[in-house]
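Notes to accompany the following structure.
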Amino acid sequence: MKLPQALTIRDLRLIAQDKLPRSVFGFIDGGAHDERTLRDNEADFAAMRFAPRVLVDVSQRTQAVELLGQKLRSPLILGPTGMAGLLWPHGDLAMARATAAAGIGYCQSTTSNCSIEQIASEGRSDHWFQLYVQKDRGITASLIERARLAKCPVLVLTVDLPLQGPRERDVRNGFTIPPRIGLDNVFDYASKLGWLWRMANGPRITFGNLDSATDAKPKLTTLTARIAAQFDASVSWKDLAWLRAQWPGKLAVKGILHPEDARLAVAHGVDAVIVSNHGGRQLDGAPSAVSALPAIAEAIDGKVDIIMDGGVRRGSDIVKAMALGANACIVGRAGLYGLAAGGQAGVAQAISILQQEIDITQALLGLPDLSQVSQRVIF
Ligand SMILES: Cc1cc2nc3c(=O)[nH]c(=O)nc-3n(C[C@H](O)[C@H](O)[C@H](O)COP(=O)(O)O)c2cc1C
């Protein structure tokens with residue numbers, strides 16, 4: 001079902017806000033501390049200006065790229081985002097299916113609600129898997145093995161979350177997993193009947209990759225508490241070397257902002273570096289991802305692929321990131337707003353909006369083949 005009132009990702013965001021309880025919307029929309037980095041991610045894209053060329057034949061256009069051995073119809077991957085099942089029942093599956101239909105990439109999170117096996121059998125067979133190293137290295141090893149058995153072509157190691165960033169919106173809104181209805185928020189929930197109905201009829205919210213199917217009813221908890229208890233804050237470059245030796249497929253490291261870390265990652269044998277500040281959800285005051293990109297592109301000097309994420313709300317943002325050296329972009333919230341607004345159809349709409357915006361941008365820039373984009377398109 002298409003949402004006719006949504007022309008843009010920002011429209012989908014407003015619909016998501018309307019449909020979700022305040023605490024759940026705050027969880028996807030919010031960032032760390034004063035949310036400066038969150039805002040800068042978008043503002044620094046908005047401040048860039050194009051340098052269009054004219055009288056170029058743009059009657060035939062392609063935005064297809066090859067990335068980490070996969071052919072993508074657009075330079076776009078729906079990023080790893082935990083707890084998508086809180087937005088729509090089987091939210092991870094909806095994202096896997098919508099991305100497969102649109103010919104773009106999909107990366108499943110360690111903290112997704114569906115399991116790796118469920119995505120591989122019911123969603124798509126070539127999804128990427130994102131790893132958070134767990135204190136229990138047995139669990140970590142088993143996640144890697146499950147991703148290998150599920151034939152995930154790419155493993156993404158996220159390195160910017162030794163502890164969860166301080167999300168004050170979540171604390172103020174009393175966000176817990178599963179969400180809790182109390183006297184303080186009962187009126188808010190009562191105004192979200194569609195969401196309540198879907199959740200009541202959907203599957204129980206569990207961490208599909210971490211909870212055992214036979215676990216008793218999960219305890220009400222904050223994500224921060226769960227992460228502090230289970231995620232390993234001691235992870236270092238030694239662990240990346242270990243992982244490189246374990247993992248036979250393509251390996252990407254996500255959360256790089258410093259050129260020296262980019263060089264170290266390449267020296268450790270990664271196949272791609274993901275320039276990211278976790279969508280402004282970790283260190284507030286970190287640079288916007290797009291402002292960190294040029295120095296990293298220079299450090300990497302074409303040795304491995306570069307993916308960037310953070311603040312992509314328009315197809316033109318993706319073109320700008322590619323002009324500065326990215327091979328593709330991940331989107332987090334753009335897909336989540338679509339998911340909350342309309343399930344799989346809403347995700348498909350978010351992707352289609354971005355694809356159409358890329359297309360018109362490259363046409364008006366005089367750029368028939370997006371893979372040939374360079375810094376010349378930026379003033
Ligand atoms: C609700 C939410 C959950 C996320 N969960 C994860 C996660 O489990 N693993 C991860 O590597 N990144 C996670 N991220 C970060 C995204 O992968 C991505 O880096 C970020 O959303 C990009 O910024 P954008 O939302 O502005 O596109 C999450 C982001 C959001 C908004």
Side-chain angles (χ1 to χ4, degrees), residues 9-10 12-13 16 20 23-32 35 37-46 76-88 91-92 95 105-114 116 128-134 143 154-162 164-165 167 169-170 175 177 207-210 223-224 226-227 230-231 235 252-257 273-283 286 288-290 292 307-315 317-318 321 326 328-340 350-351 354:
I9 299 299
R10 290 191 176 89
L12 288 172
R13 175 181 178 275
L20 293 174
S23 67
V24 179
F25 179 74
F27 166 64
I28 61 169
D29 197 58
E35 303 190 338
T37 298
L38 170 67
R39 283 192 296 279
D40 286 353
N41 277 346
E42 286 191 47
D44 287 352
F45 269 128
L76 187 55
I77 302 112
L78 231 63
T81 50
M83 293 293 119
L86 282 181
L87 311 185
W88 200 273
D92 309 294
M95 293 202 284
Y106 169 61
C107 183
Q108 182 190 10
S109 162
T110 293
T111 55
S112 59
N113 303 115
C114 295
I116 302 175
W128 304 5
F129 182 68
Q130 176 266 326
L131 180 71
Y132 283 129
V133 174
Q134 306 292 299
L143 287 171
V154 181
L155 186 71
V156 172
L157 176 71
T158 297
V159 293
D160 58 6
L161 197 137
Q164 199 199 29
R167 322 254 170 89
R169 276 206 230 186
D170 289 353
F175 176 68
I177 296 169
F207 290 88
N209 296 314
L210 301 173
L223 198 55
T224 311
R226 173 105 192 194
I227 286 172
Q230 294 190 345
F231 288 26
V235 175
V253 62
K254 175 172 182 281
I256 299 289
L257 290 171
V273 161
I274 304 179
V275 181
S276 170
N277 52 38
H278 216 105
R281 295 164 76 81
Q282 287 299 105
L283 177 65
S288 70
V290 69
I307 302 169
M308 77 80 64
D309 73 32
V312 172
R313 303 289 181 269
R314 288 279 190 186
D317 296 335
I318 297 172
C329 288
I330 286 177
V331 294
R333 293 182 183 81
L336 296 177
Y337 296 143
L339 180 66
I351 298 168
L354 292 172

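In listed order, ligands and their atoms are each counted from 1.
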Examine the proximity of ligand 1 to [X] and report which part, side chain or backbone, both or neither, has a heavy atom under 4.0 Å away.
X: Gln130; result: side chain
X: Leu38; result: neither
X: Met83; result: neither
X: Ser276; result: side chain
X: Thr111; result: side chain
X: Glu42; result: neither

Charged N to carboxylate O under 4.0 angstrom, Arg314 versus Glu42?
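No, no charged N to carboxylate O under 4.0 Å.
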Any atoms of ligand 1 less than 4.0 Å from a non-hydrogen atom of [X]? List them with their elements.
X: Gly332; answer: 21 (O), 24 (P), 25 (O), 27 (O)
X: Ser109; answer: 7 (C), 8 (O)
X: Gly310; answer: 22 (C), 23 (O), 26 (O)
X: Lys254; answer: 10 (C), 11 (O), 12 (N), 15 (C), 16 (C), 17 (O), 18 (C), 19 (O)
X: Thr158; answer: 10 (C), 11 (O)
X: Arg333; answer: 23 (O), 24 (P), 25 (O), 26 (O), 27 (O), 31 (C)
X: Ile28; answer: 1 (C), 31 (C)
X: Arg313; answer: 24 (P), 26 (O), 27 (O)

- Has Arg13 got its NZ or CZ under 6.0 Å from the middle of the six-membered ring of Phe25, at an angle within 45 degrees of the ring axis?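 Judged by the rule, Arg13 and Phe25 form no cation-pi pair.
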* To do: Distance to 0.1 Å, residue and atom name: give those for the protein heavy atom nearest to atom 6 (C) of ligand 1.
  =>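 Checking every protein heavy atom, the shortest distance to atom 6 (C) of ligand 1 gives Pro80 O, 3.1 Å.
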Requested in this report: Enter the distance from Glu35:CD to Arg281:CZ here, rounded to the nearest 0.5 Å.
Outcome: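 Result: 9.5 Å between the selected atoms.
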Worksheet entry | From Thr111 atom OG1 to Ile227 atom CD1, the distance as rounded to the nearest 0.5 Å |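 Answer for the OG1-CD1 pair, Thr111 versus Ile227, is 6.5 Å.
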Once you measure the plane-to-plane angle for Phe175 and Phe27, does it fall in the parallel (<30°), tilted (30-60°) or perpendicular (>60°) bin?
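Parallel.
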> Taking the minimum heavy-atom distance to atom 9 (N) of ligand 1, which of Phe27, Phe45, Tyr132 ranks first?
Replying inline: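 Looking at heavy atoms only, the winner is Tyr132.
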From Val159, Asp309, Asp160 - option closest to atom 19 (O) of ligand 1 by heavy atom
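The nearest heavy atom belongs to Asp309.
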Q | Donor-acceptor pair between Asn209 and Thr110 side chains, under 3.5 angstrom | A |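 Distance-only check fails for Asn209 and Thr110.
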Is a donor from one side chain sitting under 3.5 angstrom from an acceptor on the other, for Asn277 and Ser288?
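No donor-acceptor contact under 3.5 Å links the two side chains.
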Ile318 and Cys329, any side-chain heavy atoms less than 4.5 Å apart: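 They are in contact (side-chain heavy atoms under 4.5 Å apart), so the answer is yes.
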| Taking side chain as C-beta onward, heavy atoms only, is Asp309 less than 4.5 Å from Ile274? |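 Yes; the side chains approach each other to less than 4.5 Å.
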